[in-house]
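Structure, as C-alpha cells:
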Amino acid sequence: MNIFNEFERRITAALSAMAADGELPEGLDLSRVVCEPPRDRSHGDISTNAAMVLAKEAGIPPRALAEKIAARLRSPDVEKVELAGPGFINLSLAPHVFEEVLRASLAQGARFGASTIGEGAKVNVEYVSANPTGPMHVGHGRGAVVGDAIASLLAFAGYAVTREYYINDAGSQVDVLARSVHLRYREALGERVGEIPAGLYPGDYLKPIGEKLAQLHGPKFAKAPEAHWLTVFRDAAIEAMMALIRADLAALGIRHDVFFSERSLSAEGKVEAVIAELEARGLVYQGRLPPPKGQVDSDWEDREQMLFRSTAYGDDVDRPLRKSDGSLTYFASDIAYHATKFQRGFNQMIDVLGADHGGYVKRMQAAVRAVSAGAATLEARLCQLVRLFRHGEPVKMSKRAGDFVTLREVVDEVGADAVRFMMLMRKNDAPLDFDLAKVIEQSKDNPVFYVQYAHARCESVRRQATEVLGEFDLGSGTLAAADLNLLADPSERSLLKLLAQYPRVVEQAAQAREPHRTTFYLYELASEFHALWNKGKDFPDLRFINQNSTSLSAARLALVTGVRNVIASGLTLIGVSAPEEMR
RNA sequence: GCGCCCGUAGCUCAGCUGGAUAGAGCACCAGACUUCGAAUCUGGGGGUCGGAGGUUCAACUCCUUCCGGGCGCACCA
C-alpha cells in the first residue's frame with residue numbers, strides 16, 4: 001500500500017475529470033506530476049506539483065489551477081488541503097489512512113512494500129564476475145553487495161530477476177594462471193622455485209592446487225612442454241579458483257542463479273556466429289583505428305583489423321574484435337555473452353562493474369543495442385574503489401607479493417552484516433572509506449548495530465508484553481484489530497507516517513538502482529524508534545506496554561510490530577540479518 | 001588531449017531523477033539509566049552547496065565554461 005502512488009492516481013483521475021468537464025484541455029502531459037512527502041512536515045503529508053507543471057500548458061495561473069485541483073481532492077481521507085508557495089497543493093491525511101497502512105503492513109508481513117512496477121519483466125543483473133585467478137578483494141565485495149541488493153530490490157519491485165556471474169575462463173589470463181600453478185606444482189615436487197617471476201600470480205593461494213596436482217599426476221608434467229599440461233592445469237586451476245570465489249561469496253551471503261562460462265561461448269561457436277551476424281548487417285568491417293591521443297604509446301601499430309561499428313550506437317571509436325594474432329578480443333566474447341542474454345529473453349540488463357571499467361560501458365551498450373536490434377538496453381552501475389583503513393591508517397592494498405587484503409579476511413574480521421551495511425552506506429559511484437576498527441565497534445558510531453539494535457528492541461518489547469500482559473496475543477490479526485486511534489502522541493503518529501513511506505522508498509530505490517536509499521531509510525526509521533523508546537523513560541505513559549490498558553498496549557504493539565516488520569524487510573533487501581537479541 | 005564519475009558543516013556523507021527555510025552521523029559542549037534493553041536518547045553552535053554564467057514559476061539537482069580530485073583511453077580482462 002503506497003499512499004503516494006494512490007494519491008497520484010487520484011490526482012490523475014481528478015485531472016481527467018476536469019478535462020472531461022471542460023475545465024482543462026484534453027491530453028495534457030501528466031508525466032511530470034508527482035506526489036512526494038514535503039521536506040517540512042508542517043506542510044502536511046503529501047505534496048504535489050501538479051498545478052505548477054500544468055499551468056502553462058493549461059493556460060491557467062498555477063494558484064488558480066491549484067485551487068481547482070484541490071477542490072476535487074477533498075475526501076474523507078484528506079483532512080486538510082492547503083495551497084502554498086507558487087502553487088503547491090499540500091495534503092494532510094486523516095489519521096485513519098495511516099492506521100490502514102499499518103494494518104496492511106501487519107497483514108502483508110514481509111510482502112509489505114513490495115511493488116508491481118516491474119510487471120514481471122525479465123531483468124538480468126550481472127555482478128561480481130571476478131576473474132577466476134585468485135580470491136576476491138574488497139573492491140569485488142562492493143560490487144557483489146551492490147549487485148545483490150539491486151537484484152533484491154528489483155525482485156521486490158515485481159521484476160523477474162536473474163542474478164548472473166560471468167566467468168572469464170578464456171583468454172590469456174587463465175593461461176597465466178595455469179603457468180603459475182605449474183610453478184607451484186614443481187615446487188610441491190621439491191623443486192626450488194625461488195621468487196615468483198613477474199607476470200605470474202605470486203599468491204600463496206595457488207600452493208594447494210600445485211600440491212594437489214603433484215599428488216594427482218606425479219612428476220610427469222614437471223619437464224614436459226607447456227602444450228602437454230596447459231589445458232589440464234588451467235582447468236584444474238579455474239575449478240579451484242571458482243570454488244574459492246564461491247566460498248568467498250557464500251561467506252558474504254551473495255548468491256547467483258547463473259554462472260556463465262566465457263569459454264562455453266567460443267566452444268559452441270557463439271562468438272563467431274554473432275560476428276557473422278553483425279557482419280551481415282554491416283556492423284563489422286576491416287579498418288584502421290586512429291592512434292590514441294595525448295599519450296605516447298611506442299607499441300602502437302597501425303594495422304588493418306576487424307572492427308565493430310560501435311560508433312553507430314554512440315561510442316567514440318569503433319572497437320577491435322580480433323587481436324593482432326587473429327584470436328578474438330574479450331570484447332568479442334562479451335558481445336556474444338550479452339547476445340545470449342537477449343536470446344534468453346532479457347530486454348533489460350544491468351551490469352555492476354568496477355569504476356576501472358567505466359571506459360568499457362559505451363561500447364557494451366552499443367553492442368547490446370546492436371545484437372538486439374534496439375530491443376534491449378544495458379545499464380551499467382559503476383562502483384568506485386574501496387579504501388581500507390584501520391584506526392584511520394590506510395591498509396596496504398598493493399597486489400604484488402600477494403600483499404593485498406582479501407574480502408574473506410575482512411568478512412572474517414568484521415562479519416558479513418557489517419561489510420554489507422557499510423558498503424551500502426554510500427551511493428555506488430562515490431568512493432568508500434572502510435575502517436576495519438570502526439565497524440566492529442559496537443556503538444552508535446556504527447550504523448549497522450544501530451539499526452539491528454532497533455529491531456532487537458522491538459522483539460524485546462514483544463517478549464516483554466507476553467510476560468507482563470499474560471495471555472496477550474501478538475498475532476498480526478489481533479494487532480491489526482487494535483484500536484489504532486489510540487496512537488495519539490505526535491511521536492507515534494510520526495513513526496506511523498514514516499512506516500507509510502517504506503513502499504515508496506523501496507520502489508524508488510529499485511527504479512533508481514540505488515540500494516543505499518534503503519539503508520538510509522532504515523537508519524532514519526531506527527532513529528525515530530529509538531527516540532520514541534526513550535520518550536517512554538521521561539513519560540512512562542508513553543511506554544509501549546501499559547499494564548492498565550490492554551487496548552492501548554495492543555495499539556502500540558501493533559506499531560512496534562510494524563516497525564519490526566519494516567526493519568526486517570529492509571535489512572533482508574540489503575542482505576543484513578535482523579537479530580532478535582543482541583546481548 | 002578526449003570520455004565517464006566526484007566536489008555539500010571542521011571530518012565522513014545524505015539530499016527522494018527540478019520543489020518550499022539544504023539535512024544526518026562523527027567531533028565539540030551541556031544533560032537523561034531504582035523505570036518496556038543506555039549498543040539508546042534530549043538540547044546547542046556550525047554552510048558563498050568548488051567558481052562564474054545560463055535554462056524557468058522553482059536549481060545542490062539540468063546546460064555551458066573554468067578550477068580541483070578519481071578512473072579509463074587499440075591488439076589485458
Side-chain angles (χ1 to χ4, degrees), chain A residues 32 34 36-40 43 47 49 52-53 55-56 61-62 84-88 90 129 131 133 168 170-174 262 289-295 297 299-303 305 307 316-320 322-325 327 329-331 333-334 354-362 380 382 384-385 425-427 429-431 433 435 438 441-447 449-450 452-454 456-457 460-465 467-468 501 504-505 508-509 511-512 514 516-517 520-521 523-524 527 530-538 540 543-546 556 560 581-583:
Chain A
R32 289 165 63 216
V34 292
E36 54 189 5
R39 192 169 1 215
D40 189 335
H43 290 142
S47 172
N49 60 356
M52 292 179 292
V53 298
K56 186 173 283 181
F88 287 103
N90 293 331
S129 298
N131 292 335
T133 55
N168 301 133
S172 57
Q173 289 203 149
V174 285
E262 178 185 0
L289 283 179
K293 286 172 182 157
Q295 61 172 30
D297 190 344
D299 292 339
W300 172 257
E301 174 198 350
D302 185 22
R303 66 179 179 90
Q305 54 190 330
L307 297 170
D316 306 314
V317 291
D318 293 335
R319 304 292 179 175
R322 287 193 190 281
K323 309 176 195 173
S324 46
D325 67 0
S327 63
T329 61
Y330 174 80
F331 179 50
S333 319
D334 220 358
D356 53 344
H357 288 64
Y360 192 68
V361 172
K362 274 189 185 177
L382 299 179
Q384 288 290 334
L385 302 184
M425 278 295 285
R426 298 279 174 277
K427 52 186 173 200
D429 52 7
D433 290 350
D435 196 306
K438 263 190 183 168
E441 219 171 86
Q442 301 196 352
S443 70
K444 62 180 173 183
D445 217 18
N446 186 341
F449 288 88
Y450 186 85
Q452 288 182 319
Y453 182 45
R457 266 185 159 173
S460 175
V461 178
R462 287 167 53 85
R463 282 192 300 270
Q464 189 74 18
E467 280 185 29
V468 175
Q501 288 193 26
R504 179 175 185 272
V505 168
Q508 298 214 325
Q511 280 179 313
E514 290 186 349
H516 75 277
R517 294 193 196 187
F520 279 89
Y521 170 82
Y523 190 87
E524 192 184 345
S527 176
H530 285 313
L532 179 57
W533 177 292
N534 277 75
K535 226 173 165 182
K537 287 177 172 302
D538 297 332
R543 291 193 194 169
F544 302 122
I545 299 167
N546 187 317
R556 289 177 175 168
V560 169
E581 286 184 272
M582 298 180 73
R583 292 181 188 280

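Letters A, B, ... mirror the listed sequences (proteins, then strands); counts begin at 1. Not measured: the values here are computed from a predicted model.
In this structure, the side chains of A/Phe544 and A/Leu532 come closer than 4.5 Å at one or more pairs of heavy atoms.
OP1 or OP2 of B/A38 has at least one side-chain nitrogen or oxygen of A/Arg457 nearer than 4.0 Å.
Ranked by how close their nearest RNA chain B nucleotide is to the 5' end, A/Asn131 and A/Pro37 are led by A/Pro37.
Here B/U17 is the nucleotide among B/A74, B/U17, B/C4 with the atom lying nearest to any side-chain atom of A/Ala512. The nucleotide whose nearest atom lies closest to any side-chain atom of A/Asn168 is, among B/A77, B/G19, B/A38, B/A77. Across B/C71, B/G15, B/U40, the shortest atom-to-atom separation from the side chain of A/Leu385 is found for B/C71. Comparing B/G15, B/C76, B/C6 against the side chain of A/Ser172 picks out B/C76 as the nearest. Each of B/C36, B/A20, B/U40 was ranked by its minimum atom distance to the side chain of A/Asn90; first place goes to B/A20. Listed nucleotides: B/A74, B/C5, B/G19. Nearest to the side chain of A/Asp429: B/C5. Side-chain proximity of A/Met52 to B/C36, B/A32, B/C57: nearest is B/C57. In the set B/A74, B/A20, B/A14, the nucleotide with an atom closest to the side chain of A/Pro320 is B/A74. When distances are taken from the side chain of A/Val53 to each of B/G19, B/C76, B/A20, the shortest belongs to B/G19. Nearest to the side chain of A/Tyr360, among B/C41, B/A77, B/C57, sits B/A77.
Between the CH2 atom of A/Trp533 and the CZ atom of A/Arg457 there is a distance of 5.0 Å, given to the nearest 0.5 Å.
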Which atoms of nucleotides 59-63 of chain B (N or O only) lie under 3.5 Å from a protein N or O atom, and what are those distances?
none

For nucleotides 10-13 of chain B, give me every protein contact, N/O to N/O, under 3.5 Å, one pair per line with atom names.
residue, atom, partner, partner atom, Å
B/U12, O2', A/Arg426, NH2, 2.6
B/C13, O5', A/Arg426, NE, 3.2

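As rounded to the nearest Å, B/C49 and B/C13 have C1' atoms that lie 13 Å from one another. Distance noted for atom C1' between B/U12 and B/U48: 22 Å (whole Å). Separating the P atom of B/C41 from that of B/G25 is a span of 8 Å, rounded to the nearest Å. Across the C1' atoms, B/G18 and B/U56 are found 10 Å apart, a figure rounded to whole Å. B/C11 and B/G47 have their P atoms separated by 13 Å, with the value rounded to a whole Å. The separation of B/G45 from B/C28, taken at their C1' atoms, amounts to 9 Å, rounded to a whole angstrom. The separation of B/A59 from B/U8, taken at their C1' atoms, amounts to 14 Å, rounded to a whole angstrom. Across B/C26 and B/G46, the matching C1' atoms stand 14 Å from one another, rounded to whole Å.
Residues satisfying the salt bridge (charged side-chain N to carboxylate O under 4.0 Å, His left out) test with A/Lys323, not counting sequence neighbours, are none. Considering only residues two or more places apart in sequence or on other chains, A/Arg504 meets the side-chain hydrogen bond (donor to acceptor under 3.5 Å, both in side chains) condition with none of them. Remark: A/Asp302 engages A/Arg288 in a salt bridge (charged side-chain N to carboxylate O under 4.0 Å, His left out) (not counting sequence neighbours). Listed by chain and residue number, A/Asp315 satisfy the salt bridge (charged side-chain N to carboxylate O under 4.0 Å, His left out) test with A/Arg319 (two or more places apart in sequence, or in another chain). Residues satisfying the ring pair (Phe, Tyr, Trp, His ring centres under 6.0 Å) criterion with A/Tyr521, sequence neighbours excluded, are A/Tyr502. Checked against side-chain hydrogen bond (donor to acceptor under 3.5 Å, both in side chains), A/Arg426 has no partners two or more places apart in sequence or in another chain. Residues satisfying the salt bridge (charged side-chain N to carboxylate O under 4.0 Å, His left out) test with A/Asp429, not counting sequence neighbours, are none. Checked against ring pair (Phe, Tyr, Trp, His ring centres under 6.0 Å), A/His530 has the following partners two or more places apart in sequence or in another chain: A/Tyr450, A/Tyr453. Here A/Asp538 pairs with nothing under the side-chain hydrogen bond (donor to acceptor under 3.5 Å, both in side chains) rule; sequence neighbours left out.
For B/G72, the base is not stacked against the aromatic ring of A/His357, per a cut-off of 5.5 Å between centres and 30° between planes. The aromatic ring of A/Tyr523 does not stack onto the base of B/A24, failing the criterion of a centre distance under 5.5 Å from the six-membered base ring together with planes under 30° apart.
For the residue pair A/Glu262/A/Ser333, the side-chain donor-acceptor check at 3.5 Å is satisfied.
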*Pairs counted as Watson-Crick or G-U wobble with both distances under 3.5 Å: what dot-bracket string results for RNA chain B, using | for bases tied to another strand?*
(((((((..((((.....[...)))).(((((.......))))).....(((((..]....))))))))))))....
